[in-house]
Amino acid sequence: YGTINFSCAFQSLMNAPNWRPGFKYYHWSLSIIGCLMCISMMFIVSTIYAFIAWLFAVIVYIYIRFKG
């Protein structure tokens, strides 16, 4: 959920032409707040699994970046 919120904020800040949020009261700052809350809850619930999840996300990103 954190990466989805980050993606929404990034699309809004970059003024992507294909990004049209359907929520009437959407603002990019809500997505940033949601992303930060998700990350903080990950580390509050389980620090070890949060690090594993972030490591996995970074590995997937690097793989897509170099292979895609």
Side-chain angles (χ1 to χ4, degrees):
Y1 292 114
T3 53
I4 290 172
N5 281 321
F6 177 76
S7 298
C8 290
F10 187 73
Q11 291 285 332
S12 293
L13 290 173
M14 295 295 118
N15 293 326
N18 61 343
W19 173 245
R20 294 180 193 93
F23 185 55
K24 183 178 179 179
Y25 302 108
Y26 177 77
H27 192 264
W28 62 267
S29 62
L30 295 174
S31 295
I32 295 290
I33 291 169
C35 179
L36 294 176
M37 288 174 61
C38 181
I39 292 169
S40 64
M41 284 306 297
M42 282 175 63
F43 284 97
I44 288 171
V45 170
S46 176
T47 306
I48 293 170
Y49 288 124
F51 278 119
I52 291 170
W54 276 97
L55 180 65
F56 181 73
V58 168
I59 290 170
V60 168
Y61 173 77
I62 290 170
Y63 177 78
I64 291 172
R65 181 80 170 152
F66 288 116
K67 295 288 183 178

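Numbering starts at 1 and runs along the sequence shown.
Atoms CD1 and CH2, on I33 and W28 in that order, are 9.0 Å from each other to the nearest 0.5 Å. Of the inter-residue distances, the one linking M37 atom CE with I32 atom CD1 reads 13.5 Å to the nearest 0.5 angstrom. A distance of 7.5 Å separates CG of L30 from CZ of F23, quoted to the nearest 0.5 Å. Rounded to the nearest 0.5 angstrom, S29 OG and L13 CG are separated by 9.5 Å.
Hydrophobic clustering of Ile, Leu, Val, Met, Phe, Trp and Tyr side chains at less than 4.5 Å, counting indirect connections, unites V58 with F66. Hydrophobic clustering (ILVMFWY, side-chain heavy atoms < 4.5 Å, transitive): I52 and Y1 are in distinct clusters.
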Fill in: Stepwise side-chain contact (heavy atoms from CB on, under 4.5 Å) check, S12 with W19
CA-CA 7 Å; S12 293; W19 173 245; 2.8 Å; yes

Practice prompt. Given side-chain contact (heavy atoms from CB on, under 4.5 Å), test W54 with M42 step by step and report yes or no.
Written response: CA-CA 10 Å; W54 276 97; M42 282 175 63; 3.4 Å; yes

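Ring planes of F10 and F6: parallel class, angle under 30° (limits at 30 and 60°).
Side-chain atoms of C35 and I39, non-hydrogen and from C-beta on, do get closer than 4.5 Å to each other.
In this structure, G2 and C38 approach most closely via the heavy-atom pair N-SG, 3.4 Å.
The environment of Y26 atom OH is dense: over 12 non-hydrogen atoms of other residues, nucleotides or ligands sit within 6.0 angstrom.
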